[in-house]
Every structure is written in C-alpha cells, then in structure tokens.
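Whatever order the structure lists ligands and atoms in, that order sets their numbers, starting from 1. Computed from a predicted structure; not experimentally measured.
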Amino acid sequence: MSDRGAKHILDAGVLAIAGAVRSGQATAVSVVEEALERVAAADGRLHCFNCLTAESALEAAEKIDESVRRGLDPGPLAGVPVALKDNLCTRGVPTTCSSKILDGWRPPYDATVVVRLREAGAVSVGKTNLDEFAMGSSTENSATGPTHNPWNLARVPGGSSGGSAAAVAAGLVAASLGSDTGGSIRQPASLCGVVGIKPTYGLVSRYGLIAFASSLDQVGTFAPTVGDAAAALQAIAGHDPADSTSIARPAPELMHGLDHGVGGLRVGLISDFLAEVSEPCAAAAADAAEALSLAGAAVEEVSIPEMLLGLPAYYIIAPAEASSNLARYDGVRYGLRVDGPDVETMNARTRAQGFGPEVRRRIMVGTYALSSGYYDAYYAQAQKARTLVIAAFARAYERFDVLLAPTTPSAAFALGSKTSDPLEMYLSDLCTIPSNLSGHPAVSVPFALDPDGLPVGVQVLAPALAEDVMLRAAAFIEAVAPASARGPVRPGQVAQRD
Ligand code: GLN
C-alpha cells in the first residue's frame, strides 16, 4: 500500500478502515504508521497526547495483519488507530489523569474498555490530555499544559476530554475514548466539530476508569461521524462483572437502524436552554428541530424548567463524590510522594504539591458540602434537585422519543479567557449535566459553523438504553448538516489563518 492510499484510508473512518484491513486491501501497519506520522507532524502544536505508545501500536498492528493473512477474524475494528483518555488505566503504560499526583505510576491492569477495544482489533497509539482528574471544560487544568483546538489554535478544544476530541478533529486517529461526568465528551465534541456519545450509565464498564464522581462518570466515544462513534461504542458496551454498576444484560444493537429515518419520531426541543446560550448555538438546535420536522418527525417545543437545576446540583454532588474518591492519593502506595517528618505532613505536602488549583477547590467544596452541619443545606438539597431532574426527564419521555438541545452555550472560546473565573467555566456544562444526573444517554453531533468559522454541535438526548433511537435521530441530523461543520480539519492549514 502506498503512502497516499494509507492517508486516504485513515480519513475514511472507523468502518472503512476496518473493512479495508479485514479484506486485506490495506494493512493495519500502514494505517497505524500513517496515524503516527500525523501525530508526529501535528502534536507539537496541538498537544493532544500525554504519551505515545508507537512501539506497542506497531506490534499490535503486525499481529492483526498476521491474523488476516492466516484467515483468522481480526475483529470488527481491525487496524483502527484510536487514542485513550489518560484517565483510563493501561497496563504498564503511564496513566496520569494529567495530574502530578500520579507521577511515575504505571497501572498493573487495563481498564475493561481498553481490553475490549484491543479485542475488537483497534490499535491505541497513545494517551490523551485532559483537565486534571477530568475537572474542567477546556483542558487548561492540565499539569502537562493545554490542548489546542485544531480549528483555531488560539481556542480551547473544550474539556475535560479535550485531547481525545482534538485528536479525532485533527484526523490523527479515527476514534477515541473519553469520559463524561457532566459533559466532558459532548462539550469538547461540539467545540471540535466531531461526534461524541455519552452512553447510558452502566452500559459501558467503569472498571479501570479513574473515578471522579462515581454516580455520574461514563466512558464514551468520539469519531467524525455518528456511524463510526457508534461502531466504537458497540465494541466497548455491555456487561462487565468487574463493575458493580454495569447493567446486567447484553448491549443493545447500535448499528442497525441508523439509516431508518425519523418519520413519526416524537421529538421535544427543550426550550429552557435556548434563552441561555449564544445565538449560533440556539439557532443550531432550532434548525435541527426544523429539519427533523420537515422529514416527518413530530417536533414540539417543550419547557422543562427543572433542567436548569442540574448545574447547581452537579457542582455540589460531583465535588462531594470527588472529595471522597481523591482521598486515596496520599503518597503512601503509588504516585507522587513529598516526604515530611511524619505521615500527616507527608500526606499534606504530597497533596498540596500533587493536586492543581481546580482539583484542590473541588476537594474543599465537596468536603465542606458533606461536613456535619452543612450536609442538609448542600448535599441533601442537591440530591433532592437531582431527583427533580430525574422525574422531569421521566415525564418528558412519556411524550417524546428523544429530546433536542444545544450542546454548549458557545463555540470554542479563547485559551485563557475563562481560567481566572471558575464559575464562568462551570457554565459551559449547563446543557449537558442533566443527563449525567439522570444517567440517560446523549450525543453531540456537529451541525453548523458560527460566524468565526468554528463548529457548533446539537445534542440529542434519549431515555435509558434508547441509544439506538438516539443515534438514528443523530444520523439524520448529521446527514442534513453541512460537511464543512465537521472534522477532520488539518491543523496546519487552520494555523495559517490565525
Ligand atoms: N466540566 C465539568 C466539570 O468540570 C464536567 C467534567 C466531566 O464531565 N468530566 O466538572
């Protein structure tokens, strides 16, 4: 296979790459080499990756080619180059959460999703940058420095899975994994012009995902198209006995029916978000609703005021859970240790030097909200608000098959523009948080370009385990959106426009 052919295949997407490798039209080695070359050429400017695993990627690719030659099944994602968010444990490969506190740590095991991708034939080329412990919306809270948006290098890629989103948007890999606790897959997907799926809580194993807020965290996928993101999700979905919150039934079939259209589908456009977001973001959601209606869906605007309780409730519940989950980083058994005269001083010094400012802020807020005397006023109230959000979704899904909303309040903002104001940064998650609180699936699909030429996504939300219907609506929205609104984009070309 010539260089030229391999380039073409990497851009063709997950399903086309796997098809070509499985049929012997392309070798996994040539596709993976192409991905590694692109990373080498672009990542100096983008900083999508914390760590590359080129050698093991090429070895894995060779094994896939060998199985093709021997007539064995190399898996549904054979030879597909992927990237993994650096909060997913990878055996023997540094896993940092973009935090100093995990300095030098190499996990002794792989996350279930990592094993499943490998078994499906996908080849990981490295670990991607994130906001420290997935706390943030811009990938600027990273101990390794920010990731840049491939559409405009002076803008953020969103976060916290910014490295994974930008790597797909720049065409460095065909798909990637992220995690979404309050929007960390969908928000960067929207800002980078790619598809990002947050599945139903419990559909994908959290075993080996380093915990931020355990009742909200889910692993999901990024790819340039709905079909490709769904194919990657299919490979990682399904019951895992190692995760006690994993749903104990087989994963739904995600791929068939994507092209079945939206005739008769009952769609509710959540009106409450429209007044809260920028004009291009509101217009994208309204235009997608209009297109669905013209195609025969029964579209209605619906007011669900409880949606706006999501953000304040989340910023109590998520820090509360984080304050407990992050108590384990004490310098004793792994990661950073800053010595002191006694154990307590060692613990305190380690945590003070190991955690960045946003992580420390969350631990303090969470500890405060859980402390006696304040628990009822904060944590218990937030849980009540969470219950109201869940009940409101339940009522809405009696009337609608899917809901539609903007993904984000704005397109990609300038690097540095929100770093001094944490509350402003928190608002980025306004439209994504409610489905984390309810555990329902949601997907962001690229839909439009704003006046600055930056991508804007639209969000489709669905009831638990209704990923198939959600993805069908998403595939329709993708089909009517202009191709110019989605990645991959070449970071070099975009940089010249800056
Ligand atoms: N941006 C949100 C936060 O900072 C969501 C993060 C996430 O989904 N991991 O908490």
Examine the side chains of [X] and [Y] and answer whether a donor and an acceptor come within less than 3.5 Å of each other.
| X | Y | value |
| --- | --- | --- |
| Asn87 | Ser179 | yes |
| Tyr315 | Asp429 | yes |
| Ser246 | Asp240 | no |

I need the nearest protein heavy-atom contact for [atom]: residue, atom name and distance, please.
| atom | result |
| --- | --- |
| atom 5 (C) of ligand 1 | Tyr314 OH, 3.3 Å |
| atom 6 (C) of ligand 1 | Ser184 OG, 2.8 Å |
| atom 4 (O) of ligand 1 | Arg362 NH2, 2.7 Å |
| atom 2 (C) of ligand 1 | Asp429 OD2, 3.0 Å |

- side chain to side chain donor-acceptor pair (under 3.5 Å) partner of Arg206, the single match among Thr112, Asp217, Thr245: Thr245

- Query: Any side-chain heavy atom of Gln218 sitting closer than 4.5 Å to one from Thr200?
  - Reply: no

Ignoring angles and geometry beyond distance, decide whether [X] reaches within less than 3.5 Å of ligand 1 through its nitrogen or oxygen atoms.
| X | value |
| --- | --- |
| Lys85 | no |
| Ser137 | yes |
| Ala134 | yes |

- Message: Quick test of your reading of the model: are Asp110 and Arg118 salt-bridged, counting only N-O distances below 4.0 Å?
- Response: yes

- Query: Where's the contact between Ser160 and ligand 1, heavy-atom distance under 4.0 Å: side chain, backbone, both or neither?
  - Reply: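 Looking at Ser160 and ligand 1, just side chain atoms fall under 4.0 Å.
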
- Message: Is the contact between Tyr426 and ligand 1 made by the side chain, the backbone, both, or neither, using heavy atoms and a 4.0 Å cut-off?
- Response: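 Neither part.
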
- Is the NZ or CZ atom of Lys127 positioned over Phe49's six-membered ring, under 6.0 angstrom from the centre and within 45° of the axis?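 Negative - Lys127 is either too far from the ring of Phe49 or too far off its axis.
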
- Message: Check for me whether Gly183 has a heavy atom closer than 4.0 Å to any atom of ligand 1.
- Response: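 Gly183 counts as a contact of ligand 1 under the 4.0 Å cut-off.
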
- Does Gln187 come within less than 4.0 angstrom of ligand 1, counting non-hydrogen atoms of the residue? no

Interfacing atoms of ligand 1 (cut-off 4.0 Å, heavy-atom, [X]):
| X | value |
| --- | --- |
| Gly136 | 1 (N), 2 (C), 3 (C), 4 (O), 6 (C) |
| Met135 | 4 (O) |
| Phe212 | 9 (N), 10 (O) |
| Tyr315 | 1 (N), 2 (C), 3 (C), 4 (O), 10 (O) |

- Message: For Phe133 and Phe212, I'd like to know if the aromatic rings sit close, meaning centre-to-centre distance below 6.0 Å.
- Response: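 No, the ring centres sit 6.0 Å or more apart.
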
- Does the gap between the ring centers of Tyr379 and Tyr374 come in under 6.0 Å? no

- Kindly assign one of parallel, tilted or perpendicular to the pair Tyr397 and Phe393, based on the angle between their ring planes and the thresholds 30° and 60°.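 Ring orientation of Tyr397 relative to Phe393: parallel.
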
